[in-house]
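The structure under discussion appears below in the form of structure tokens.
Here the structure is a predicted model, which means the values were calculated and not measured. Per chain, numbering begins at 1; letters A, B, ... match sequence-line order.
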Amino acid sequence: MDYLDSLNEPQREAVINTEGPSLIIAGAGSGKTRVLTYRIAYLIQHKQVDPFSILSLTFTNKAAKEMRDRIERVVGTEARNLWMGTFHSVFARILRAEADRLGYNRNFTIYDTDDSKTLIKSIVKEQGLDDKVYKPNVVFNRISSAKNRLISWRSYQDNPSIRAEDEAAAKPHMAKLYRMYAERCFKSDAMDFDDLLFNTNVLFREHLDVLNKYQQRFRYVLVDEFQDTNVSQYLITKKLAAVRRNIAVVGDDAQSIYAFRGADIQNILNFQKDFSEAQVFKLEQNYRSTKNIINAANSVIARNKAQLKKHIWTANDQGELIEVIKATSDQEEGRLVAYSIFETKNNEHSRYRDFVILYRTNSQSRAMEEALRKRNIKYKVVGGLSFYQRREIKDLIAYMRYAINANDEQAFRRIVNLPKRGIGPTSVDKVIVTAYERGYDLWEVLQKAEELFPGRLGNALGQFTDMIKGFQLEAARKDAFEAASHIAKGSGLLRELYEDKTIEGLSRYENVQELLNAIKEFVDDPEAEDKSLSAFLQEVALLTSSDQDKDDDPDKVTLMTIHMAKGLEFPYVYVVGMEEDLFPSQMMLASRQDLEEERRLFYVAITRSMKRLTLSYALTRYRFGRLKNCEPSRFLEEIDPAYMMVNKELGTRSPVGDTNHARVLLKSIQRDRQRIPTNRSTYKAPANFAPSDTSQLAPGMKVEHPKSGFGRAENIDNQVANRKAKVIFDDFGEKTLLLSFAKLKIHDE
DNA sequence: GACTCCGATCTTTTT
DNA sequence: GATCGGAGTC
């Protein structure tokens with residue numbers, strides 16, 4: 001077994017100890033994927049385990065594909081028989097096979113987040129509730145987190161403490177919304193992302209014969225990125241492995257960055273409790289980065305309280321100090337980063353694909369893209385708005401979805417009046433309400449439309465229904481490509497786009513053509529067993545933006561969020577937008593846990609770099625279409641300054657260990673953090689502005705000033721004659737105000 | 001019911 | 001800066 005020779009001791013142990021439960025704690029860059037792939041290869045080659053009985057769960061489709069390819073390189077085509085995929089895709093597949101057990105059709109639709117939110121929006125509206133209070137986002141997140149904790153709408157409704165929470169949040173109708181949302185999804189024969197996991201739990205809980213079947217089938221279960229699993233996912237794997245107990249989980253608590261989605265580091269502790277005989281392997285040697293980068297990363301993560309004990313080290317070179325770029329604006333930041341990439345590439349004969357620019361939020365890509373374009377640097381943006389989220393693509397897919405599942409309410413709403421058929425929102429609501437009131441399926445109502453709605457509406461709906469019947473026949477008889485082409489033409493969608501000769505219209509038309517090409521590719525794939533439209537839709541529903549990696553020219557600078565970068569590595573890494581409120585995000589400052597998650601995110605960003613790490617921040621930045629003053633991120637001060645250098649002039653690098661440089665740098669960052677912003681804000685006092693009595697003003701209170709806008713009281717100087725307050729304003733920085741003169745309004749929170 | 005214009009809101013991350 | 005929903009008009 002020659003591949004075993006390429007492993008270090010702990011890695012080899014983690015590969016060959018295949019029996020029984022294993023917990024593999026794998027630090028950043030410690031060869032985690034290698035261990036996982038070799039462990040599976042070892043099972044197949046050495047232990048003669050049938051690939052069909054190995055289940056390997058990953059977090060992204062991309063990771064699954066990559067791992068399968070790597071295993072295939074070791075064991076050959078047998079690897080194709082592995083059960084390997086994301087939680088969502090694997091269990092969607094199982095749910096389809098067992099759909100009837102739960103009262104679903106095997107062609108059930110998978111709602112994406114947009115579908116879910118639109119549905120919630122219409123329910124809120126139908127209930128006559130205020131959509132300012134019941135914001136679709138908020139309602140959706142509340143339902144989602146309930147499902148991820150395996151709380152059904154029934155137990156939600158019956159749980160007094162949950163109800164009390166909702167009452168306290170002034171959202172007493174939340175339980176009703178959850179119930180209606182669940183019912184509507186079920187009626188539409190649809191599951192959202194969370195349902196795929198939730199319903200798998202229901203399936204395994206209520207149908208023990210089914211559970212037993214899969215327990216027997218999967219002799220070995222492996223879970224990658226275990227720190228990112230939520231309770232729902234953990235319980236599924238726990239149940240599956242309960243009999244054979246061959247379960248290996250691989251993860252790094254320091255890289256847990258999905259708690260906002262219900263991921264729970266607690267799972268690692270629970271695992272050790274539930275599988276008390278588990279062997280623990282720690283992979284602590286980093287093969288990716290320089291000593292300097294590892295040291296810097298360690299100095300940051302050490303500030304987190306919640307973590308498992310481990311010591312990440314590397315035998316690699318000392319390497320270079322971390323560079324910090326300070327820019328006056330986001331545009332200048334882009335220019336400086338682009339220039340740095342340009343210079344580095346020329347001086348060090350590197351390639352564009354060696355570089356990555358990482359940011360906290362997708363919207364930051366724009367400034368970077370502009371700067372790169374100006375320098376003619378080729379780049380690609382990963383993530384962001386994906387191809388499958390474009391309107392025209394969603395439209396055509398909605399048609400295809402509707403041909404497969406004629407009870408899919410969201411698809412129906414999307415397409416019934418596209419192109420215009422004289423069936424507006426009022427009529428659509430009428431149809432949906434009729435279905436609900438009479439207990440009919442949506443499709444039943446449509447088939448009876450001519451009698452239910454005599455007149456123009458009935459006629460229009462009748463024509464629509466006949467058209468859909470034609471599509472259903474196509475979808476049933478022809479392959480996905482022929483059916484999709486037929487639908488694109490027959491619906492009038494293609495013609496409408498074709499007739500739109502604007503630039504956007506042209507590109508929309510091309511996008512639809514591209515979708516059809518993708519379907520053709522799907523049909524032409526010799527390995528695909530099922531070439532039906534239904535099969536294509538199933539694949540597409542769980543695809544994400546990161547999965548559409550177009551080959552073309554691979555030598556490009558990569559731009560992406562830090563979240564998307566997890567698991568990847570690049571020689572040169574730029575982390576841009578190192579500013580307070582942006583990174584750490586203002587939404588995450590609420591609690592210590594949230595701040596620790598941001599810090600882990602920063603840790604992930606640092607540990608992507610192999611050779612050189614550059615951090616940058618800007619003093620001003622456009623946000624929400626407004627110029628905002630920014631303060632350097634606290635994270636910059638959290639790196640031990642011994643590992644950083646001052647950026648006097650690009651290209652000059654100071655030697656490692658030059659503490660004088662470090663001191664100057666720290667000072668400069670601190671100065672920027674305390675700087676008083678001076679530019680004008682657009683704040684305008686409301687007409688009814690009335691100053692409060694400030695005798696009770698205390699530090700920490702939120703205040704409003706008719707000229708300086710909102711701010712927070714920092715400290716109060718209680719001299720009897722002239723009481724003064726130091727206030728930090730959001731837009732004007734710090735000001736000291738005489739309370740006898742200043743008009744301040746105190747805001748309760 | 002369709003179309004146009006304006007203002008509110010948004011951005012944290014993703015299966 | 002972009003998108004979405006509401007109001008107003010035809």
Side-chain-base donor-acceptor pair under 3.5 Å for A:Thr86 and B:dT15: no

NA contact type, A:Gly625, heavy-atom cut-off 4.0 Å: base, sugar-phosphate, or nothing? base

Establish, with yes or no, whether the OP1 or OP2 oxygen of C:dG5 is under 4.0 angstrom from a side-chain nitrogen or oxygen of A:Lys121. yes

What is the nucleic acid contact for A:Arg623, judged by heavy atoms within less than 4.0 Å: base, sugar-phosphate only, or nothing? nothing

Tell whether A:Arg360 reaches the base of B:dT13 with its side chain through a donor-acceptor pair below 3.5 angstrom. yes

Taking atom types as they are modelled, would you say the side chain of A:Thr113 forms a donor-acceptor pair with the base of B:dT15 within the 3.5 Å cutoff? yes

What does A:Phe59 touch in the nucleic acid at a heavy-atom separation under 4.0 angstrom: a base, only the sugar-phosphate, or nothing? sugar-phosphate

What is the ring orientation for A:Phe260 with A:Tyr258, classed by angle as parallel under 30°, tilted 30 to 60°, or perpendicular over 60°? tilted

Above 12 or not: heavy atoms from other molecules or residues under 6.0 Å from NZ of A:Lys430? no

Base, sugar-phosphate or nothing for A:Asp194? Non-hydrogen atoms, less than 4.0 Å. nothing

Side chain to side chain donor-acceptor pair (under 3.5 Å) with A:Tyr134: which residues, sequence neighbours excluded? none

With heavy atoms under 4.0 Å as the rule, sort A:Lys566 into base, sugar-phosphate or nothing. nothing

Among the nucleotides B:dA2, B:dT12, B:dT9, whichever has the atom closest to the side chain of A:Lys132 is B:dT9

Applying a 4.0 Å non-hydrogen cut-off, can you work out what A:Phe583 is touching in the nucleic acid: base, sugar-phosphate, or nothing? nothing

Give A:Asp112 one of three labels, base, sugar-phosphate or nothing, depending on what nucleic acid heavy atoms sit under 4.0 Å from its own. nothing

